[in-house]
Amino acid sequence: MSRIELSSSIPSSSSSTGSVPARDWGSLPKDVLPLISKKLYSVHYTRQVRAVCHHFKFSIPNPPRPPNPRLDLPYPFPVEYPSTSFPDEFYVLVESKIYAIEPHNADETTRTWMVKVQESHTDRVQVEHPLSRFLPPPFADNLPNALNLLDLRVVEVDKKYRLQHFSGIEGKILPVSNTEPISFKKVAVTTCYSQDDDKFTILALFNYKLALWRNVDKDWIIIERDPDKFERHDVFVDILYHNQTFYALTMSGIVTRIDAETLTFYKITQPAQFGNKGILHLVGSLNDLLLVVKYQSWFELGTYDGLSFKVYRLDMRRLSWIRMESGLEDRILFLGDDCSYSVSAKEFHGCRGNCIYFHHFKCSSFVITKNVQPSKKISVYDLTEGAVVEGFPEIFSPPPWLEHHSMSVPRDQIG
């Protein structure tokens with residue numbers, strides 16, 4: 001993974017440039033600053049406001065760092081080894097964030113850069129592939145080693161999580177492997193972790209089954225399906241935490257709501273007509289719950305022949321899937337092997353509305369080969385045209401303006 005330093009410091013040459021008259025920000029009433037800080041939902045906004053002057057810096061606390069490695073997530077899941085535990089091995093909850101970045105003076109011709117990063121306890125981050133945990137980030141060699149975020153508009157699009165296997169043998173904490181097993185698919189998390197938050201919950205999709213970890217009892221719980229409500233072959237294929245609710249999706253298109261406190265299922269929909277005929281993705285878009293079905297023949301993997309998508313919206317009143325015949329309008333859906341999210345094309349330049357950005361495996365089996373270029377693995381499907389738009393989505397590639405906002409940092413300071 002590529003590393004990049006995101007700096008919030010004010011360049012020394014900026015204090016005396018420009019024709020804007022200097023303002024005495026230190027005279028701002030002290031009772032206003034706490035109100036301002038509560039409205040800063042992004043850590044980058046907090047850092048920018050703290051950099052205005054010394055008064056702001058010492059009046060507004062530093063944003064919280066990412067959570068420390070979690071040493072209390074048992075390994076392995078009980079579904080793997082029902083009666084076995086490994087005290088010297090554990091899972092760590094890893095948080096990644098998707099950011100949309102552009103200059104403050106951006107116009108309609110300025111292209112937004114969307115990047116997925118894993119933050120550390122310093123200002124250093126690791127750039128990741130936007131739609132896959134198995135692949136290296138595209139164009140990693142073309143990135144600067146530091147950016148000055150004061151010159152940029154940074155919008156936090158979404159947060160994603162995964163579990164990484166660690167070992168603490170002989171007093172050392174080391175990752176067991178750089179990638180997780182392919183049987184582990186996805187993790188959904190309630191809120192930012194807090195030692196005092198008894199409602200903090202992790203839902204993991206593993207081997208087509210569900211495992212739940214709750215802060216209140218600090219152990220994995222396997223959620224069993226009710227045989228009276230589910231067919232035996234109807235396994236889980238996706239999970240989502242949306243609008244403060246856990247959802248799980250089965251292969252037949254059944255969506256259930258999971259109550260983490262009572263460990264019970266509430267079946268929302270019946271089996272859908274498209275079940276067992278496509279790859280299903282559950283996506284939250286504003287207040288809607290969407291189901292995306294990807295159709296492609298097994299014999300045509302690695303090509304776009306026969307590939308198509310259909311999008312459905314969950315009608316909460318009728319508790320059924322409604323086909324979105326008119327498409328997504330200006331919305332864009334991003335589908336990855338462990339994360340899915342939605343944005344508005346109007347808010348980010350360079351995005352194409354009513355489209356699906358998806359991770360396309362160019363191989364003839366589930367084995368992921370290394371001889372395929374990353375630029376061939378993210379594609380765009382235009383719902384209006386009903387076809388794939390060729391070429392790599394530019395929103396994920398480093399834009400031309402990036403070099404103008406880069407900073408020089410000694411290599412020994414980059415972890």
Side-chain angles (χ1 to χ4, degrees), residues 1 4 6 40-46 63-67 93-102 112-120 125-135 137-138 149 152-164 185-193 200-205 238-249 280-292 311 313-314 328 330-353 355-359 378 380 393 395-397:
M1 296 182 182
I4 185 172
L6 301 182
L40 304 174
Y41 61 89
S42 171
V43 295
H44 297 289
Y45 292 154
T46 302
R65 297 293 187 184
L93 181 67
V94 179
E95 180 185 81
S96 298
K97 295 181 180 180
I98 298 97
Y99 292 109
I101 305 175
E102 62 182 29
T112 301
W113 180 39
M114 190 169 291
V115 60
K116 181 182 177 183
V117 299
Q118 176 188 329
E119 298 186 15
S120 66
V125 299
Q126 291 182 343
V127 181
E128 301 177 334
H129 191 282
L131 295 179
S132 175
R133 71 182 188 274
F134 298 109
L135 301 174
L149 296 184
L152 302 172
R153 174 176 173 259
V154 181
V155 177
E156 185 179 305
V157 176
D158 208 346
K159 296 179 182 178
K160 298 303 172 184
Y161 300 88
R162 61 185 174 87
L163 295 177
Q164 188 168 352
K185 184 177 181 182
K186 198 171 184 181
V187 169
V189 176
T190 52
T191 58
C192 292
Y193 172 69
F200 175 75
T201 305
I202 302 171
L203 179 65
L205 176 59
D238 204 355
I239 57 176
L240 180 68
Y241 185 72
H242 183 60
N243 288 341
Q244 300 182 343
T245 303
F246 281 116
Y247 294 98
L249 174 69
L280 309 185
H281 293 268
L282 202 57
V283 187
S285 180
L286 300 178
N287 290 325
D288 289 329
L289 195 63
L290 304 183
L291 177 61
V292 183
V311 182
R313 179 182 61 84
L314 181 60
L328 301 170
D330 82 310
R331 303 297 297 180
I332 306 171
L333 303 183
F334 295 87
L335 305 181
D337 53 45
D338 66 341
C339 67
S340 299
Y341 51 98
S342 169
V343 301
S344 171
K346 296 179 180 178
E347 298 179 9
F348 307 113
H349 302 135
C351 292
R352 188 167 179 164
C355 287
I356 297 174
Y357 290 58
F358 64 100
H359 180 214
I378 296 183
V380 181
I395 191 173
F396 293 122
S397 62

How far does CD1 of I395 sit from CZ of R352, to the nearest 0.5 angstrom? 13.5 Å
I'd like to check L335 versus V283 (side-chain heavy atoms, cut-off strictly below 4.5 Å). Are they in contact? yes
Looking only at heavy atoms, what is the nearest atom pair of Q118 and E95, with distance? CG-O, 3.7 Å
side-chain contact (heavy atoms from CB on, under 4.5 Å) filter on I98, not counting sequence neighbours, yields M114, K116, V157, D158, K160, Y341
Listed partners of S285 passing side-chain contact (heavy atoms from CB on, under 4.5 Å), at least two apart: L290, R331, S342
Applying ring-ring contact (aromatic ring centres under 6.0 Å, His included), can you list everything that pairs with Y247, at least two apart in sequence or on another chain? none
Correct closest heavy-atom pair for W113 and S397 would be CD1-O, 3.4 Å
With S96 as partner, the option from K159, E128, Q126 fulfilling side chain to side chain donor-acceptor pair (under 3.5 Å) is E128
In terms of heavy-atom contacts, S340 and H281 come closest through OG-ND1, 4.0 Å
Qualifying residues under salt bridge (Lys or Arg N to Asp or Glu O under 4.0 Å), relative to R313, sequence neighbours excluded: none
Go through the steps for F358 and V292 under the test side-chain contact (heavy atoms from CB on, under 4.5 Å), then give the verdict. CA-CA 11 Å; F358 64 100; V292 183; over 6 Å; no
For the NZ atom of K97 and the OH atom of Y161, what is their distance to the nearest 0.5 Å? 8.0 Å
Correct closest heavy-atom pair for F334 and L131 would be CB-CD2, 4.0 Å
Say you draw a straight line from CD1 of I239 to CG of L205; how long is it, rounded to the nearest 0.5 Å? 5.5 Å
Apply side-chain contact (heavy atoms from CB on, under 4.5 Å) to L240 and L289, showing your working. CA-CA 10 Å; L240 180 68; L289 195 63; 3.4 Å; yes
Is there side-chain contact between I378 and H129, with at least one heavy-atom pair below 4.5 Å? yes
Do the side chains of T190 and Y241 get nearer than 4.5 Å, heavy atoms only? yes
Sorted by chain and residue number, the side chain to side chain donor-acceptor pair (under 3.5 Å) partners of D330 (sequence neighbours excluded) come out as S344
Just how far is it from atom CG of L328 to atom CD1 of I356, taken to the nearest 0.5 Å? 6.0 Å
Side-chain contact, heavy-atom cut-off 4.5 Å: L291 with L314? no
